[in-house]
Amino acid sequence: MGNCCSRENPDEAPTSVKEEESNADNSKDDGGNTNQGNNSISNPSNKPAPSASPAASTKPSKPSQIGTVLGRPMEDVRSTYSIGKELGRGQFGVTHLCTHKATGEQLACKTIAKRKLVNKEDIEDVRREVQIMHHLTGQPNIVELKGAYEDKHSVHLVMELCAGGELFDRIIAKGHYTERAAASLLRTIVQIVHTCHSMGVIHRDLKPENFLLLSKDEDSPLKATDFGLSVFYKQDHPWIKEDGEAPDTPLDNAVLNRLKQFRAMNKFKKVALRVIAGCLSEEEIMGLKQMFKSMDTDNSGTITLEELKQGLAKQGTKLSEYEVKQLMEAADADGNGTIDYDEFITATMHLNRMDREEHLYTAFQYFDKDNSGYITTEELEQALREYGMHDGRDIKEILSEVDADNDGRINYDEFVAMMRKGNPEANPKKRRDVFV
């Protein structure tokens, strides 16, 4: 997934778009190895970043051609997925059923022909669509992006499959809705809009065709899709309200929930998340970068207690001074009284990042300093100290909590169990039942 090196300053622009390459007549796609992880959060020690693979090859690889749209090495989507029947088509893209060759999981692949991207604005729209879908990953009523690929002729977005089809077709088939059923449907749509807004995203193309049903069941969850016209925006106004104050109980706030989850974690897990955050690509964190900049109103590079309070208030969240201070203390890993960019990304990234095996292995290797396959008390203490999170307490308590076989050290399976424990967003059934 890439090395965990120093991330760019949040004020710096992402990698510039190269000029669109000429489209050849040959229909065969160029493949290559994808390195989705751009340079990221800094490693406080001088130890080289660990490999994300247990058995990395020492054979030098031929450099892959850089894609003109996503700005990273090109890769053949067909090396991972089998492409099946057409599911639908739009102005820029055609969507096919696709199947993961290794797992058999069925997904949807939206293919965008690069010849249709006639100018830099079109290219930026596709790049931003990928960034926004990464940013919204894990939200219960938004189609989840599984991966983005670029070859010589096309960009491919692999997403979860919504077998129930478009809401538009469901409406036509039903003929009419009862007032209760229509109210329930609109309540979900408004919640989706609020989720996007609370994450700093405006969809800009809301219509029945852009809402999909996860299955053909009558009570199937509804999912928003097609973020091709969507943009990030700076949140400078509260959620819509009429004639006075908004209700005291706000709608769900994704950032607030993530901060609360982060606050409940032990220091071991927080440091592991810091390592994982350092391996995320620029497109995966672009949305969080925008949110950080919108909260950092004085452009100091850090978020103060007051800025955090105001930022959450703009999202419609009412918290006491004490509650905001608790969240601040949780995210402020080095205890200097502010939240810097790296701390913000670590505390607010979606927890499904820890479901990816390569991220977990990279984090485990960071702690396992001697590559013995185990994390010892001394190694855990050293890692916490490197991130300024060791205060002389909790080490034995953390170790006993994670060390399932009581051998005084932590193996990889125990580490993975700790990382996935208590993650409410890892349960798909629970996610589907959020809105009724």
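For Glu386 and Tyr366, the side-chain atoms include at least one donor-acceptor pair closer than 3.5 Å. Under the 3.5 Å distance criterion, with hydrogens and angles disregarded, no donor-acceptor pair is assigned to the side chains of Thr346 and Glu343. A donor-acceptor contact under 3.5 angstrom links the side chains of Tyr322 and Gln326, judged on distance only. Judged by distance alone, the side chains of Gln139 and Thr195 never bring a donor and an acceptor atom under 3.5 Å apart. If you check the side chains of Gln310 and Glu306, you find a donor sitting under 3.5 Å from an acceptor.
Between the Gln290 side chain and the Tyr233 main chain, no donor and acceptor come within less than 3.5 Å of each other. A donor-acceptor contact shorter than 3.5 Å links the side chain of Ser79 to the backbone of Asp76. Checked by atom type and distance alone, the side chain of Arg204 pairs as donor or acceptor with a backbone atom of Leu229 at under 3.5 Å. Distance alone, capped at 3.5 Å, is enough to place a donor-acceptor pair between the Ser230 side chain and the His203 backbone.
Here the two rings, on Phe415 and Phe268, have centers that are under 6.0 Å apart.
A cation-pi geometry, defined here as NZ or CZ lying under 6.0 Å from the six-membered ring centre and within 45° of its normal, holds between Lys270 and Phe262.
Interatomic distance, Thr377 OG1 to Glu379 CD, rounded to the nearest 0.5 Å: 9.5 Å. Taken from CD1 in Ile276 to OG1 in Thr362, the straight-line distance is 8.0 Å, to the nearest 0.5 Å. To the nearest 0.5 angstrom, Lys289 atom NZ is 8.5 Å from Gln131 atom CD.
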*Pair Phe232-His135, ring-ring contact (aromatic ring centres under 6.0 Å, His included): steps then yes or no*: CA-CA 10 Å; Phe232 293 110; His135 180 54; 5.7 Å; yes
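Taking 4.0 Å as the cut-off between side-chain N and carboxylate O, Lys114 and Glu150 count as a salt-bridged pair. Between Arg72 and Glu283 there is a salt bridge, since a side-chain N of the basic residue sits under 4.0 Å from a carboxylate O of the acidic one. Between Lys120 and Glu124 there is no salt bridge, since no side-chain nitrogen of the basic residue lies less than 4.0 Å from a carboxylate oxygen of the acidic one. Salt-bridge annotation for Asp296 and Lys293: absent, with no side-chain N of the basic residue lying under 4.0 Å from a carboxylate O of the acidic one. Looking at Lys146 and Glu160, no side-chain N of the basic residue comes within less than 4.0 Å of a carboxylate O on the acidic one, giving no salt bridge.
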